[in-house]
Structure formats: structure tokens, C-alpha cells
Amino acid sequence: MRLPAGSTVWLLAHDLRLDWRRRTAVAGARRWMALVITLGAPLFLAGVVGVPLGLALNRFGAPTSWAASLIAAGVLASAFTFMLSQALAEVVDALYERGDLDLMFSSPIPPRRVITVRAIGIAFAAFSVFGFFALGPLVALALMGQPRWLAILPVLYACALAATGAALALGALLIGLVGPKRTRFIGRALSVAFGSAFFLGTQVFALMSGQISREPAVVRLSRLMAGWAPPSTGIVLRAFKGEPRALLLLIGALLAVFALATAWFGPRFAAFHAAAKSAPAAGGGRAARARPFRRGLTAAVLAKELRLVLRDPMLLPQVLLRVVYLVPAGLLAVRYGRQMNFTALSGAVLAMTLMANQLAGSLAWMTISAEDAPDLLASSPAPRARLQRVKLLAAVGTVMAFVALAAIPLAVVAPYQGAVVLAGCGGAAVSAGLVNLWWQRPGKRSAFRERAPAPWFVTLAELVLGLLIALAAGLASARHLAALAPAAAALLVLLALRMPARP
Amino acid sequence: MSGSGLTTVGLSKAFGPTAALAELSFHVRPGELYALLGANGAGKTTALRIIAGLLAPDAGSVEIFGVDALAEPARAKQLTAWVPDEPMLYERLTPWEHLEFIAGLWNLDPAEAQPRAEALLRRLGLWEVRSQRCGSFSRGMMQKTALAGALLHAPRLLLLDEPLTGLDARMAREVKDMLRELVAAGASLVLTTHILEVAERMADRIGILHRGRLMAEGSMEELRRRTQGAGTLEEVFLELTVQPAAAGP
């Protein structure tokens, strides 16, 4: 059946096809294999995770308590912030990056239709993560006689549509307020802020609450918030339970946000897109400045790598996101160190080391694999091995600069633990950098989020390596001799991953 | 064969079953501009990449001003600059920062590199935009920035792949003048171009590549004599490259 050319469905099919091809190309997988994984993974999740979880949830019956009500609203609110984060990043990408929009806007198809279709796609991408993980347990619950729980899925998708509508409006607002030149960075930074809002909220609460508690901060925060849960929570709960009127009301309200945003923003998006793409480049106002040249290869490469990371509006927020997760753990470490609570401290040290590992992995990919002018380096007389060492240094040095912000105050209150944090994070950063060096995945910096994955065993080993070093650091900070075991295992994994240097 | 300038002997390179270069031998003297011409896929860029040290040949040798480029690549690269058809730039660096990076890569003394960078940027009309990021530049401005980077270390061998792409008429003239000055100062220059008039007017000698083989080589006069009656370089080029193709299997 041929779809009518230029129609909404036709455009949707076009976007879907492009998205599918992009994803299968990134995965490097055969299409049939990707199809099997896409369809099979939720079913597998439903069977392996969904059924046991469904059984466990089923014991509680229909949720009616304030706690269930709050959890329902809390889940929706936190899902909304994550969806808003993802949708805003996608909207900013669409404003600046998506070349196919030029083609679409130059065609006779109304811009509103183009944007509506693109927004539906963005919303689906934002929904898919939650839908993927929710599908298994929900199907299991439905099979066990609670089909109303399936109502969560349309609510979540409506939530994703509303988040996309809000992201469109926010994008437009930013262009109007700060101009197209700054919207790219601020939009991305806001996306990070929304994405980490829930985590940061719990961490800020944990830091601000005076006493040490065995209860997780999220539970204590929920208990505190129970006193002022908004009345709309009731509608959310009733919708989650599948009550038709509440369900329609909630979905209707969320869809209205999407419809209003696309109706207003769609016709204007072409103009915003053009403004964003023709925004003047940064740095134009400093024509008189000509900083003296640095001396030598190391200084030149370090300066170049740091400039490229700091100036990339796509990458910087990704880096900041990891830093955002690193800083609260660091602050907690200082607090627990001051209180000499070494059990709690070891958890914070473990988290910091893991974050350092993740951050170094991202930065090392950018500096080592995502070289925008590899032929320039190859045609220069600079030795390849030295260039790569400097690039590794740029990645590890940046991570350690962030780690030092927490490690130095910690070293003042607990010198041994401060040293452990520096050693653990340093080891984690260097190991992540080395894995990136030995198993390079060349790609463009602009493709950071879609970068080609390493072979599966390298990805797994990288993860295990980070966990082992983090575990070793956590145990060492509590003065456990057992720290030697994961440290030795990490060393073995690293040695196993070592590749002979290429000529 | 001379111990100076560029000498390639028997360069061969295959990508799978396809022979990109087949025993390519040519010599470019110091103070000579050599144009390497050929249709798309003839092997021009492969040849330049091998000479620039980016690609290892399957067979053959490359000597740059007396340095065996395959045995001592770092020494050879110190003498060479390569400007590919796609400028090798960082979009988020400014021209000034790009030149600073190049100075670091070639290990130049900042006291010498800095005034030279300023002179190059001024001559190429980039001084006023030296603090703007290259990502906002037109193709021509990017090409000029890449050229400034290539000339910063005063190379003795310059390899240029389509150097005039994207340049307006005035700047193309300026670049051609700069290249002539370099040649007059004793540099060896190899350029590839699809604009045959440029090769005809600028080159001291011309080599015509076809399917990886050097079909003909010489000055414009020598090539005309060889083709007996062809007037322009375009006619020479078409005669030399079409005939073997028609005679092929």
C-alpha cells in the first residue's frame, strides 16, 4: 500500500525508516538481527523480569495509600523531567544539526506538519526507554489479572508528547531570549539540568538533612513531600489504575500541551531553524586578541584538546552531566569524612571512582578517537605515540581537575581517604583512557551520542574494570585489606585488554 | 635522478583487487611546479597520500630532498606540507589557534612561528577574522586557513590537492602568486587540479595519470608534440586518457 505523498503518515514512515537505518548502522548489526533484538528484548524482559516483579507487586493489590499516590505522581514527574531532558536535546539538535529539515522546509509540505511529525518521533524516542522497561512488568501484571496497569503506557507516551511540546516551547523561548548563538549551549545545559534534576534533588536533600540515616534520601524525601502532595496526584493515581475518566482527563491535558506547542511553534520553526543555522560563530568579537603561541607539542595538543571540549555545545553538557553526578558524591565524601563515618564514606568513594571512570571514558573517546583532522596529525612529524599520550593526559587531567575539587577538601579532614580517592579516581580514569586508546572507535565528535560501540567483550570488560577499581577504592577507603582482591583483578582485566600498539 | 626535490620510484598501491597506482615514477626538481592530472579515480590523491606519509605503498620508494620518506618518515614530514582537497581544520579553533597547533606539531620556535603566522594570515586576508572559529568560514576561507597552516613551517616540498577550490578570483590569483614565490625560492611543488587551464599556465611540467599509470609527462610543449596537433592541455589530456580506456578490455 502506497501512502499519500506528503501526508503526516508518509512523513512518519520516512522518519521511521531513517531512524531505523541510523540505529542499525550505528549498531553495526544486520537488520534482521536488530529487528529480532528490538522485538525480542521487551518480551525477554517481560518473561525474566516482568513475571517475578509482577508477582511481587501483585501481592500489594490496588495501590490506594498516600505512598502509592505519591510514588505514582513522583514516577510521572521524574519520568517527565527525563523526557523533557531528552526532548530538549533533540529539539536543539533539530534546530542546529538536522540537515534534512532544510529539504523539508523548502518543499510545499506545511512546516507545522513537518514539525508535528518530527516531534512525534522525538516523543517516541523519549518514551521508548521508559516503555521498554515498563512493558515487561506491566504485561506481567495484566496477565495476572490487573490489565488496568497497562494504562500507564498511554499515559507515559502522552507524557512524552507533552515533554516534547514543552521542549519546543522552551527552544523557542530561548531563541527569543538569548538568541540563536547561545541557545545551543544553554538548551543543552538545561537538558542536562532536567536530566539530573531528580538525582540532584535527592542528593541536595541528603546533604542538607543534618543526620546520617540508614534510609535512602529518596525515601526520606518522599516522606517529607507526602505532607504537601498536590491534589492532581489523585488524578494521576486514578489514571494509573485505569479509571477511564481520569485517564482521558490526564491524557487529554498532556496532548493539549503537545497540540498547542506544535500549533504555535510549527509554523515558526522554519524561521528559528534558519536563524540558528546562520547564527554567527563564537569568538567574533575578539578580533584584536592574538594570544602568544605556546611552546612545544605537549602544550599545543593539550590546549587544542581542552579548547575543543570546552567549545563544543554538544559535548560540554554531556561532560557536565557526568560532573553533576560526581560533585554531590564528592561533597558527601567530605561530609562523611569529617564525621569519621568510614562505612558511608566508602560508598561515596565508590560512586566517585565510578563517575571518574565514566567521565574519563567519554573524554578519552573525544580526545583519542574523535580526532577531526587525523590526516593533519598523520602528515606531521610528531610521533604518533607521543600524540596519543598527550591526548590521554588531556582526558585524564580534566577528570582529575574535577576530582581534586572534592579530594582536596577530603584530604584536609581525612588525609588517607583523600589519597585513596585521588589514587582510585586516577586509576579509574587512566584505565578508561587506556581502553579507549587500545580499542579506538574512530568517529566524528558530533556523533558522540551515536558513537560506534567497541566489541561487546571490550564494553563488558570496561564496565567490569570500572566496577573493580571503584570497589577497590571503596574498600581501601574503609581500610579493608580485601581491597587488594578487586585491585588485582582490575589489573588482570586491564592487562588482558592491552593491545599491541599500531605502527 | 637527483638527491634533492621529490623522487618516487615504482610506487604501487592496490586496494583489494583494484590497482590504485601502478609503478609510478616521477621526479620534481627544487624550484619546480609539477601538475599531476588525471580523471577521478586515476590515483592522484593516493599518490599524494603516499608521498605525505599517510599511506604505505605496496612497492616503491619516495625520497624527499635526500630523505628516504619510508625509512625516516618524521624527517621527511618535517620538510613536507600537504593540503588535501578537504581542508584539515578544527571547526572550533580559530585560524590563530590552528596555526599555534600546527607550530606545536612541527615543533617550531614560537618566536619564529608567530610573526610568520601573522604574515601569512595578513597575506591571505584572514588577519581580521583570526579570532573567529573556522566552522563559520566559507569553503574558500577554510582553504586559505589550511594553506596558511601548510606554509607555516616553510616546507621544501608542498603537496596541494585542488588548492584553488572555493577561492574567489582575486584570492585565487593571490594564492597562485604565493605558490610561484615559493617555487622561485626553491621549493618543489606538486599540485593536482581539475582546472586544466591552471595547470597549463602554472606548471613547469605536467604528469598525466590514468588508472594508476603515468601515461605522459613533460612540459606543455613536450606533451603537445607527443599528441601531434593537440592545441590545449584539455585536448592533450583527453587524447592521452581516452584512447587507452577505449583500447582497454
Side-chain angles (χ1 to χ4, degrees), chain A residues 96 181 184-185 277-316 366-367 370-387 390 444-446 502-503, chain B residues 48-49 51-56 72-84 86-115 117-118 121 127-137 146 149-150 153 159:
Chain A
Y96 291 89
K181 190 173 152 185
R184 196 177 196 181
F185 175 75
K277 293 200 84 167
S278 57
R286 291 175 289 157
R289 219 170 114 208
R291 183 196 290 271
F293 280 8
R294 289 167 177 78
R295 184 178 291 275
L297 179 66
T298 304
V301 176
L302 276 177
K304 170 237 171 194
E305 294 300 343
L306 293 176
R307 279 172 180 151
L308 291 183
V309 169
L310 290 172
R311 289 177 186 175
D312 196 323
M314 302 280 283
L315 297 182
L316 189 57
M366 290 175 209
T367 58
E371 169 57 53
D372 284 340
D375 284 351
L376 176 64
L377 304 190
S379 66
S380 80
R384 180 187 155 93
R386 193 171 158 209
L387 277 171
V390 179
K444 287 269 178 197
R445 279 169 187 259
S446 54
R502 273 179 280 181
Chain B
L48 292 192
R49 286 177 70 85
I51 297 166
L54 296 167
L55 202 59
E72 297 181 276
R75 270 188 71 202
K77 287 172 180 177
Q78 194 73 48
L79 303 171
T80 310
W82 180 52
V83 183
E86 281 296 322
M88 300 183 293
L89 292 178
Y90 298 93
E91 290 191 353
R92 292 192 170 80
L93 291 188
T94 67
W96 186 256
E97 290 163 352
H98 179 71
L99 295 188
E100 181 193 3
F101 181 56
I102 298 272
L105 286 179
W106 264 264
N107 201 22
L108 306 180
D109 182 353
E112 289 173 19
Q114 207 167 311
E118 181 174 339
L121 291 181
W127 182 247
E128 293 305 315
V129 294
R130 65 188 180 278
S131 301
Q132 281 184 22
R133 293 182 196 167
C134 298
S136 66
F137 286 0
H153 66 285
L159 308 167

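No hydrogens, no waters, no symmetry mates; every other heavy atom, side chains included, goes into these values.
Residues B:L108 and A:F293 have side chains not in contact (no heavy-atom distance under 4.5 Å, counting atoms from C-beta outward). Contact of the B:H98 side chain with the A:L376 side chain is registered, since non-hydrogen atoms from C-beta on lie closer than 4.5 Å. Between B:L93 and A:L308, the closest side-chain pair of non-hydrogen atoms falls below 4.5 Å.
In terms of non-hydrogen atom pairs under 4.5 Å with chain A, the most contact-rich of B:L79, B:D109, B:N107 is B:D109. Your options are B:R75, B:E91, B:E118, B:Q114, and the one with the most heavy-atom pairs under 4.5 Å with chain A is B:Q114.
In this structure, chain A has no heavy atom under 4.5 Å from any part of B:A76. Heavy atoms of B:W82 lying under 4.5 Å from chain A belong exclusively to its side chain. If you measure heavy-atom distances from B:R49 to chain A, the contacts under 4.5 Å come from the side chain alone. Neither the backbone nor the side chain of B:H153 comes within less than 4.5 Å of any heavy atom of chain A. Only the side chain of B:A103 comes within less than 4.5 Å of a heavy atom in chain A; its backbone stays farther off. A:P383 does not touch chain B: none of its heavy atoms, backbone or side chain, sits under 4.5 Å away. Contact annotation for A:R295: both backbone and side-chain heavy atoms come within less than 4.5 Å of a heavy atom of chain B.
Ionic pairing of A:R294 and B:E100 is present here: one or more N-O contacts between side-chain nitrogen and carboxylate oxygen are shorter than 4.0 angstrom.
Side-chain N or O atoms of B:K77 include one that pairs as donor or acceptor with a backbone N or O of A:A378 at under 3.5 Å.
Of all the heavy atoms in A:P381 and B:A74, the pair that sits closest is CB-O, 3.4 Å. For the residue pair B:G104 and A:A300, the shortest heavy atom distance occurs at CA-CB, 3.7 Å.
Note: B:R92 CZ to A:L310 CG = 12.0 Å, rounded to the nearest 0.5 Å. Interatomic distance, CZ of B:F101 versus CG of A:L302, reported as 10.5 Å (0.5 Å rounding).
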Q: For the pair A:L377 and B:L105, evaluate side chain to side chain contact (heavy atoms under 4.5 Å, CB included) and give the outcome as yes or no after the intermediate values.
A: CA-CA 7 Å; A:L377 304 190; B:L105 286 179; 3.7 Å; yes
